[in-house]
Amino acid sequence: MSILDRFRLTDHAAVVTGAGRGIGAATAVALAEAGADVLVSARTAGQLEEVAERIRGAGRRAVVVPADLADTDAVAGLAQRAYDAFGRLDVVVNNVGGTIPNAFLDTDVAYLEEAFHFNVATAHALSRAAVPLMLASLGEGRQKSITSISSMMGRTADRGYLAYGTAKAALAHWSRLAAADLAPSVRVNGVYVGSVMTSALEFVAGNPETRAEMEAKTPLGRIGEAEDIAAAVVYLSSAAGKYLTGKLLEVDGGIQHPNLDLRLPDLQP
């Protein structure tokens, strides 16, 4: 096997959540370009169909499942849908998640619980449903891999990110613990994502001054692209990454501190 062949996912079957746009869409297309059939799921059917067309354009099969992925029953059901469509299940990408920044005193218990549910419980629900289906086709020469999309805010700290950062830190450690539980049959890894120009970031990074400040605080001098993360997921999902489990790749432009300052003021008595 050549080094480039190690990155191929020929005839693998994958599920990608939050795949209608941004990192999820780029990842689904990248997996297809590497040779995988892909089930994509998100809320908006129209966006998913556009992604599916790109998957089919790469010569692979696509299954579109519009769903509310905050519903753990719905997200868990994606595993069986993929298995039924493709006859196997090899790769899971837990991409759905996110939480709007909030000041400490505006972050009530319900907000914190919602962040944990949307970022961690959904990943666990899908992965738990997927693992028995992955095990059903072991020994066929395909990688069995789960990758979860965390955030650099899960390993750093700044004001306003308490709920989001806590949830993403939990997802990162969930990946380490799941890797221990599922080794050696299924590898589990994650990605600490830095600032990536998706629709979620455009509302702030679309401001030239804000973007310039973020770029200046990033050692590589730019905002990330969704394809930067997709490439990391292909690596982790393929034979190129077959000696990794329980690891979090830092795909963040080299930042060691958050590069988006929300400028929340000190608390006043």
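Just so it is clear, the model here is predicted, and its values are computed rather than measured.
His12 places no side-chain N or O within donor-acceptor distance of the main-chain N or O of Gly35, the cut-off being under 3.5 Å. Between the side chain of Ser151 and the backbone N or O of Met153 there is at least one donor-acceptor pair closer than 3.5 Å. Judged purely by atom type and a 3.5 angstrom limit, Ser238 uses its side chain to pair as donor or acceptor with the backbone of Ala240. A donor-acceptor distance shorter than 3.5 angstrom exists from the side chain of His117 to the backbone of Ala70, with no hydrogens or angles considered. In this structure a side-chain-to-backbone donor-acceptor pair under 3.5 Å is present from Lys168 to Ile149. Within the 3.5 Å criterion, the main-chain N or O of Gln47 finds no donor-acceptor partner in the side chain of Thr44. The backbone N or O of Gly241 lies less than 3.5 Å from a partner atom in the side chain of Arg187, making a donor-acceptor pair. Of the possible polar contacts, none joining the Arg8 side chain to the Arg6 backbone as a donor-acceptor pair under 3.5 Å is found. No donor-acceptor pair under 3.5 Å is formed between the side chain of Asn189 and the backbone N or O of Thr147.
Under 3.5 Å, the side chains of Asn259 and Ser195 contain a donor-acceptor pair of N or O atoms. Using modelled atom types and a 3.5 Å distance limit, the side chains of Asn119 and Thr99 yield a donor-acceptor pair.
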Q: Check the pair Lys144, Leu138 against side chain to side chain contact (heavy atoms under 4.5 Å, CB included), reporting the backbone distance first and the verdict last.
A: CA-CA 8 Å; Lys144 304 294 181 179; Leu138 281 176; 3.7 Å; yes
Q | Test log, rule side chain to side chain contact (heavy atoms under 4.5 Å, CB included), inputs Arg159 and Asp266 | A | CA-CA 10 Å; Arg159 288 181 177 177; Asp266 292 348; 2.6 Å; yes
Q: Run the numbers on Val51 and Ile55 for side chain to side chain contact (heavy atoms under 4.5 Å, CB included), then give the verdict.
A: CA-CA 6 Å; Val51 175; Ile55 292 169; 4.1 Å; yes
Q. Given Val63 and Val40, is the side chain to side chain contact (heavy atoms under 4.5 Å, CB included) satisfied, shown in steps?
A. CA-CA 6 Å; Val63 173; Val40 292; over 6 Å; no
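Side-chain atoms of Tyr161 and Asn102, non-hydrogen and from C-beta on, never get closer than 4.5 Å to each other. Residues Ser185 and Leu135 are in side-chain contact: their nearest non-hydrogen atoms beyond the backbone lie under 4.5 Å apart. Taking the side chain as every heavy atom from C-beta outward, Val188 and Trp174 approach each other to under 4.5 Å. Between Lys242 and Gln143, the closest side-chain pair of non-hydrogen atoms falls below 4.5 Å. Proximity of Val93 to Thr17: side-chain heavy atoms (C-beta onward) are nowhere separated by under 4.5 Å. Here the side chains of Leu133 and Gln80 are in contact, with some heavy-atom distance below 4.5 Å.
The two residues Asp90 and Ser137 come nearest to each other via the heavy atoms OD1-OG, 4.2 Å. Summarising the geometry of Ala115 relative to Ala167, their closest heavy-atom pair is O-CB, 3.5 Å, with the distance given to 0.1 Å. In plain terms, the two heavy atoms of Ala123 and Ser148 that are nearest each other are CB-OG, 4.4 Å. Across every non-hydrogen atom of Ala67 and Ser41, the tightest pair is CB-OG, 3.8 Å. In plain terms, the two heavy atoms of Leu69 and Gly18 that are nearest each other are CD1-N, 3.6 Å. For Ala32 against Val38, the heavy-atom pair with the smallest separation is N-CG2, 4.1 Å.
Between the CG atom in Leu171 and the CZ atom in Phe116 there is a gap of 9.0 Å [rounded to 0.5 Å]. The structure places OG of Ser127 at 4.0 Å from CG of Asn94, a figure rounded to the nearest 0.5 Å. Atom-to-atom distance recorded for Leu260:CG and Met152:CE is 9.5 Å, nearest 0.5 angstrom. In this structure, CG in Leu9 is found 12.0 Å from CD in Glu33, a value given to the nearest 0.5 Å. Leu112 contributes atom CG, which lies 6.5 Å from atom CG of Leu162 (distance to the nearest 0.5 angstrom). Atom CD1 of Ile223 and atom CD of Glu215 lie 5.0 Å apart (nearest 0.5 Å).
Residues Arg155 and Glu250 are paired through a salt bridge, judged by an N-O separation under 4.0 Å between the basic side chain and the carboxylate. Ion pairing of Arg81 with Asp84 is absent here, as no side-chain N (NZ or NE/NH1/NH2) approaches a carboxylate O to less than 4.0 Å. Contact check on Asp228 versus Arg222 returns a salt bridge, with a Lys/Arg side-chain nitrogen under 4.0 Å from an Asp/Glu carboxylate oxygen. Looking at Asp181 and Arg176, no side-chain N of the basic residue comes within less than 4.0 Å of a carboxylate O on the acidic one, giving no salt bridge. Here Lys217 pairs with Glu213 in a salt bridge; the nearest charged N to carboxylate O distance falls below 4.0 Å. Look at Arg263 and Asp158 and you find no salt bridge, because none of the NZ, NE, NH1 or NH2 atoms lies under 4.0 Å from a carboxylate O. In summary, Asp11 and Arg60 engage in a salt bridge, as defined by a charged side-chain N under 4.0 Å from a carboxylate O.
More than 12 heavy atoms of other residues, nucleotides or ligands lie within 6.0 Å of CZ in Arg88, so this atom counts as buried by the packing criterion.
Cluster annotation: Tyr235 is not connected to Ile146 through the hydrophobic network of ILVMFWY side chains, with a link wherever side-chain heavy atoms come within less than 4.5 Å. There is no path of hydrophobic side-chain contacts, each under 4.5 Å, that joins Tyr164 to Val96. At a threshold of 4.5 Å between side-chain heavy atoms, the hydrophobic network of Ile, Leu, Val, Met, Phe, Trp and Tyr places Phe86 and Met134 in one connected group. Hydrophobic clustering of Ile, Leu, Val, Met, Phe, Trp and Tyr side chains at less than 4.5 Å, counting indirect connections, unites Leu31 with Val193. When hydrophobic clusters are built by joining Ile, Leu, Val, Met, Phe, Trp and Tyr residues whose side-chain heavy atoms come closer than 4.5 Å, directly or via intermediates, Val16 is grouped together with Val251.
By the side-chain hydrogen bond (donor to acceptor under 3.5 Å, both in side chains) test, Asn95 pairs with no residue at all, sequence neighbours left out.
In the hydrophobic clustering, where aliphatic and aromatic side chains (Ile, Leu, Val, Met, Phe, Trp, Tyr) are joined below 4.5 Å either directly or transitively, Met1 stands alone.
The side chain to side chain contact (heavy atoms under 4.5 Å, CB included) test with Val191 is passed by exactly one of Asp252, Leu236, Leu248: Leu236.
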